[in-house]
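Convention: sequence-line order gives letters A, B, ...; per-chain numbering from 1. Small disclaimer: the values here were computed from a predicted structure and weren't measured.
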Amino acid sequence: MAPSNPRDWNAPALRARLLKWYEANQRELPWRQNKDPYSIWVSEIMLQQTRVAVVIDRHRVFLERFPTVDALACAAEEDVLALWSGLGYYRRARMLHQAAIYVAENLNGRMPTTSAELRKLPGIGAYTAAAIASIAHDERVAVVDGNVERVLCRLAGWEASSGSGATALRKKIDGLASELVDPRRPGDFNQGMMELGATVCLPRNPQCLVCPIAEHCVTRGEHKAAPRARMVSREIAHALCVQTRRGEREVLLEQRPASVTVMPGMWELPALGNADVPEEHLRMAVRHAIMQVNYFVRIRDVNEDEVTELAGPAAGKRRWVRADELAGLPLTGLARKVLTRAHLLVAASGSKAAAMLL
DNA sequence: CAGGCGTGGAA
DNA sequence: TTTCCAAGCCT
């Protein structure tokens with residue numbers, strides 16, 4: 001039975017075991033190639049609520065296009081959003097861009113080095129500030145992300161609670177994390193904890209038999225998570241309206257208003273008022289999940305004459321976009337998916353050609 | 001403090 | 001097929 005008093009966790013042994021395991025088992029990831037704070041910063045923002053597998057390629061492309069804080073600060077927001085297209089949570093990109101501008105204009109292009117100073121930048125919360133400071137600058141501060149929270153709850157035998165209990169639990173978790181973090185190698189310790197949560201101490205199937213700190217763990221795998229909201233399904237239709245001018249293919253797109261809360265200013269295919277699409281006009285059907293809504297989307301081939309009568313009330317501003325311009329526009333994930341499938345846009349993932357289009 | 005904010009792929 | 005996410009942050 002592991003002790004419940006944090007002072008009895010045998011932190012030195014736990015640290016040694018975790019670090020040894022991390023050295024042997026850490027994944028090779030682009031943002032671990034060096035300790036460039038800017039590269040780590042970009043990775044941490046991209047990784048917020050987003051899977052590592054998705055971020056790997058996006059991080060590489062982003063750093064090729066915007067290699068430094070100054071390069072990012074000089075960019076137009078539209079170009080930053082275009083590069084972010086498909087990653088979701090676009091506010092992250094806007095705040096990253098705003099923060100880069102602040103650093104360039106007020107800090108002589110030099111990023112803050114302490115977690116307290118980093119925390120003041122837009123888009124950088126407690127987690128991200130601690131992650132950048134500990135990984136890039138070896139600041140002795142613990143990170144607590146979803147992984148670390150789960151690992152520590154299992155380690156200590158704490159159950160998830162709601163309301164004010166959640167706040168109290170969170171304070172206990174933060175306290176334990178600070179107690180355990182290795183003062184000599186905080187960056188590696190923090191990454192080790194997250195790596196353990198991501199690859200061993202999994203939410204549903206914890207691999208306790210290969211866990212390096214199993215003997216420090218109270219529960220050996222038990223962990224109740226808070227229940228989530230149910231998904232709902234919805235049927236919608238969008239128009240795929242293509243024309244050829246001067247030998248170039250163009251597609252009709254619509255820019256979402258700046259005033260909407262979801263994906264403001266992003267470009268998408270015009271929405272149709274009727275979700276029922278006759279078989280002969282059905283170009284493709286895709287599923288697209290946004291938040292807790294499962295959209296079953298029908299894409300209808302529509303000619304220029306039909307588009308106005310078929311479309312719902314035009315929410316945004318429409319324009320014809322040449323196929324070779326598409327990669328430079330901030331497209332919604334759905335628009336990107338459809339245009340890629342329709343061979344109007346080259347798949348961005350793993351493609352040098354796609355990066356060169358930008 | 002609860003709710004809003006995206007996505008593609010695993011289970 | 002449908003659910004459930006994944007290295008949070010802001011208001």
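Separating the CG atom of A:Asn205 from the P atom of C:dC4 is a distance of 15 Å, rounded to the nearest angstrom. Atom P of nucleotide B:dG9 and atom CZ of A:Arg58 are separated by 12 Å, given to the nearest angstrom. Protein atom CZ of A:Arg230 is 14 Å distant from nucleotide atom P of C:dC5, rounded to whole Å. One atom, CE of A:Met291, and another, C1' of C:dG8, lie 12 Å apart when rounded to the nearest Å. If you take CZ of A:Arg256 and P of B:dC5, they are 10 Å apart, rounded to a whole angstrom. Rounded to whole Å, the distance from CZ on A:Arg336 to P on B:dT7 is 10 Å. Rounded to a whole Å, the CD1 atom of A:Ile290 is 11 Å from the P atom of B:dC5. The interatomic distance linking A:Leu81 (CG) with B:dG6 (P) rounds to 11 Å, in whole Å.
Two residues, A:Leu87 and A:Ser164, neighbour DNA chain B, and the one matched to the more 5' nucleotide by heavy-atom proximity is A:Ser164. Along DNA chain B, the nucleotide nearest A:Thr167 and the nucleotide nearest A:Arg92 are compared for position; the residue whose nucleotide lies closer to the 5' end is A:Thr167. Between A:Arg150 and A:Arg204, the one whose closest nucleotide on DNA chain C sits nearer the 5' end is A:Arg204. Taking for each of A:Met95 and A:Gln191 the nucleotide of DNA chain C with the nearest heavy atom, the 5'-most of the two is the partner of A:Gln191.
Residues forming a salt bridge (Lys or Arg N to Asp or Glu O under 4.0 Å) with A:Glu306 (at least two apart in sequence, or on another chain): none. Here A:His59 pairs with A:Trp31 under the ring pair (Phe, Tyr, Trp, His ring centres under 6.0 Å) rule; sequence neighbours left out. Remark: A:Trp21 pairs with no residue by the ring pair (Phe, Tyr, Trp, His ring centres under 6.0 Å) rule, at least two apart or across chains.
Closest to the side chain of A:Phe296, from the set C:dT2, C:dT3, C:dC10, is C:dT2. Nearest nucleotide to the side chain of A:Arg119, out of B:dC5, C:dG8, C:dC10: C:dC10. Comparing atom distances between the A:Asn294 side chain and each of C:dT3, C:dC10, C:dC9 picks out C:dT3 as nearest. Closest contact between the side chain of A:His288 and the listed nucleotides B:dG8, B:dA11, B:dC5 involves B:dG8.
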Side chains of residues 129-143 of chain A: which donor-acceptor pairs under 3.5 Å do they make with residues two or more places apart or in other chains?
{"from": "A:Ser134", "atom 1": "OG", "to": "A:Ala130", "atom 2": "O", "distance (Å)": "2.8"}
{"from": "A:Ser134", "atom 1": "OG", "to": "A:Ala131", "atom 2": "O", "distance (Å)": "3.3"}
{"from": "A:Ser134", "atom 1": "OG", "to": "A:Asn190", "atom 2": "ND2", "distance (Å)": "3.1"}
{"from": "A:Glu139", "atom 1": "OE1", "to": "A:Ser115", "atom 2": "N", "distance (Å)": "2.9"}
{"from": "A:Glu139", "atom 1": "OE2", "to": "A:Ser115", "atom 2": "OG", "distance (Å)": "2.5"}
{"from": "A:Arg140", "atom 1": "NE", "to": "A:Pro183", "atom 2": "O", "distance (Å)": "2.9"}

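Side-chain nitrogen and oxygen atoms of A:Arg91 include none within less than 4.0 Å of the OP1 or OP2 phosphate oxygen of C:dC10. Of the side-chain N and O atoms in A:Tyr90, one or more sit less than 4.0 angstrom from OP1 or OP2 of B:dT7. Taking only side-chain nitrogens and oxygens, A:Lys337 never comes nearer than 4.0 Å to OP1 or OP2 of B:dT7.
A:Arg94 has a carboxylate O that lies under 4.0 Å from a charged side-chain N of A:Glu77, or vice versa, which qualifies the two as a salt bridge. Under the 4.0 Å criterion applied to side-chain N and carboxylate O atoms, A:Glu195 and A:Arg32 are assigned as salt-bridge partners. The pair A:Arg60-A:Asp57 meets the salt-bridge criterion, with a side-chain N (NZ, NE, NH1 or NH2) lying under 4.0 Å from an Asp/Glu carboxylate O. Salt bridge status for A:Arg322 with A:Glu248: present, with a side-chain N to carboxylate O gap under 4.0 Å. Under a 4.0 Å N-O distance rule, the pair A:Glu44/A:Arg92 does not qualify as a salt bridge. A salt bridge links A:Glu215 with A:Arg17: the distance from a Lys NZ or Arg NE/NH1/NH2 to an Asp or Glu carboxylate oxygen falls below 4.0 Å.
Among the heavy atoms of the strands lying under 4.0 Å from A:Arg32 is at least one base atom, whether or not backbone atoms are also near. In this structure, A:Leu29 reaches the bases: a heavy-atom distance under 4.0 Å links it to at least one base atom across the strands shown. In this structure, A:Trp31 reaches the bases: a heavy-atom distance under 4.0 Å links it to at least one base atom across the strands shown.
For A:Arg287 against B:dG9, a side-chain-to-base donor-acceptor contact under 3.5 Å is present.
Against DNA chain B, the stretch residues 38-54 of chain A makes heavy-atom approaches under 4.0 Å through A:Gln49, A:Thr50, A:Arg51. Within residues 231-239 of chain A, the residues that place at least one heavy atom under 4.0 Å from DNA chain C are, in residue-number order, A:Met231.
A:Val242 and A:Leu334 fall within the same hydrophobic cluster, where Ile, Leu, Val, Met, Phe, Trp and Tyr residues are linked whenever their side-chain heavy atoms come under 4.5 Å apart, directly or through other members.
B:dG6 and C:dT11 are spaced 14 Å apart, taking the P atom of each and rounding to whole Å.
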